[in-house]
Amino acid sequence: MNGAVGVRGDLWLNAAVLARGLEIAAVAGGWTCLMGASGVGKSTLGRMVAGLPVAARLEGVLRVPEGRVALMGQSDQLLPWASALANVTLGARLRGARPDVARARALLADLGLAGMEDRRPAALSGGQRQRVALARTLIEDCPVVVLDEPFSALDAATRAAMQDLAARALAGRTVILITHDPLEAARLGDRAYLIGAAGSRALPLPPGPVPRPLDAPEVLAAQAALFAALSGTGAP
Amino acid sequence: MLARRGAGFAVLPLVVLALWQAVVWATGVPPFILPGPGRVGAALLAHAPMLAEHAGFTLANLAMGLAVGVALGVVTALNLALSPVARRLMRPLLVVAQAVPVFALAPVVTLWLGYGAPSKVVMVALVVYFPVTSVLFDALMRPPPALEDLARMMRARPLPELMLIRLPHALPALGSGLRLAAVQAPFAVIIGEWVGSSRGLGHLMLMANGRGQTDLMFAALMVLAAMGVALFAGAGLVQRALEQGRP
């Protein structure tokens, strides 16, 4: 079930190099965070891993294990006209298979959405919509999941709750988390990379299994260190 | 907002009627050129059964033509969205067909199909078919990029993707197409009747005109206008239903 995801090489957009000398090896069955300034190609890397079309090209090696990859983005990508349940069972129906409605209901209930199966996205809060999107991702059973700032539009408390929920629900899968939030990386990352035009480098993270407690001293210290590292790349 | 629009619909005809009567009084125009609303109203009542019969013929052809045109348009658009081969074959035809004024085909259609109902149904269907097809097809080919990504990641098969993502997303556009069709359809049916018919409101207007029965001609026009407004309002309702009641 675990897959080895890796990226090595230079990322180009037309004639310009976005990031040179990337060396990224995701933790199989764990969480790998990608951080860095906007426009450096983090989302592009995420889309490449997920097999989606991108404008940029990678001169190097992209390793993605067999099987499908799920990508969950900042926008929940829910069908606005379909109920929560219909959104969760969408994948099977799109493949012409019989959806596992019982499992979809169980997943929604597990994510705290029991009783909301028939609501459309417009009748759900931002956090609830992201949980529907998470249930839709989980039911696909993809060994590799790319999360592209999925929680960045949520308020702080909802975000922390979603991080716990996602860490529990995605345990055992290879997760690539693209994030701008140092605290998120400090809580969820087994490994973290800072991506810049000059390449990628590993960032220090606290020890221990994820999700790490929000208020643990080592988590807060790591957050500060990550913030400093990120700020360093912001300067020219 | 709705109530105000309703009030507008109620007041506007009264204003028009008053202006109309004022023009008749002020200019002293003879009734065979412009009859006053009173005369037209009297003609409406006096010829009610005949008007109803002709209106029934016109309305039946209108409804049938709309149904056929919309159904064929939807089926065509879905097939074009699904099949690249069909797209290559049909796209030039659609472009050319939109450049040709379909109304100009009325004499040919009448020549081939005769003076009865079929030529009118075909005229309406032709006029409705092309806008419905092209509006729906365009919308089917432009799903939101995020949903396209989703379908790709989920390894969607073409037909379920069409029915579960593209079509629901395109339904509001189909609603706009229907409104367009509802505006065009009455033209088509009347032109069909003018070119050759022995029944229908268009035919009645020509006959009344020939006999100098201007009041009857106006009465027929009134019925036709009411039909057009009802059709447009109906299309509006369908459009709203399409936007809200997606599967």
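Within every chain, numbering begins at 1; the chains are lettered A, B, ... in the order of the sequence lines, protein sequences first and strands thereafter. Keep in mind the model is a prediction, meaning the values are calculated, not measured.
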Does CZ in F187(B) sit with more than 12 non-hydrogen atoms of other residues, nucleotides or ligands closer than 6.0 Å? no
Identify which part of A70(A) has an atom lying under 4.5 Å from any heavy atom of chain B, answering side chain, backbone, both or neither. backbone
Can you tell which part of E140(A) gets under 4.5 Å to a heavy atom of chain B, answering side chain, backbone, both or neither? side chain
Note: vs chain A, highest number of non-hydrogen pairs under 4.5 angstrom among P158(B), P160(B), P144(B) is P160(B)
Need one label for I165(B): side chain, backbone, both or neither, based on atoms under 4.5 Å from any heavy atom in chain A. both
Against chain A, label L164(B) side chain, backbone, both or neither, depending on which of its atoms sit under 4.5 Å from a heavy atom there. both
Side-chain donor or acceptor of [X] paired with backbone N/O of [Y] under 3.5 Å:
X       : Y       : answer
T89(A)  : A86(A)  : yes
R119(A) : L124(A) : no
R191(A) : A25(A)  : yes

Is the shortest heavy-atom distance from the side chain of S200(A) to the side chain of L194(A) under 4.5 Å? no
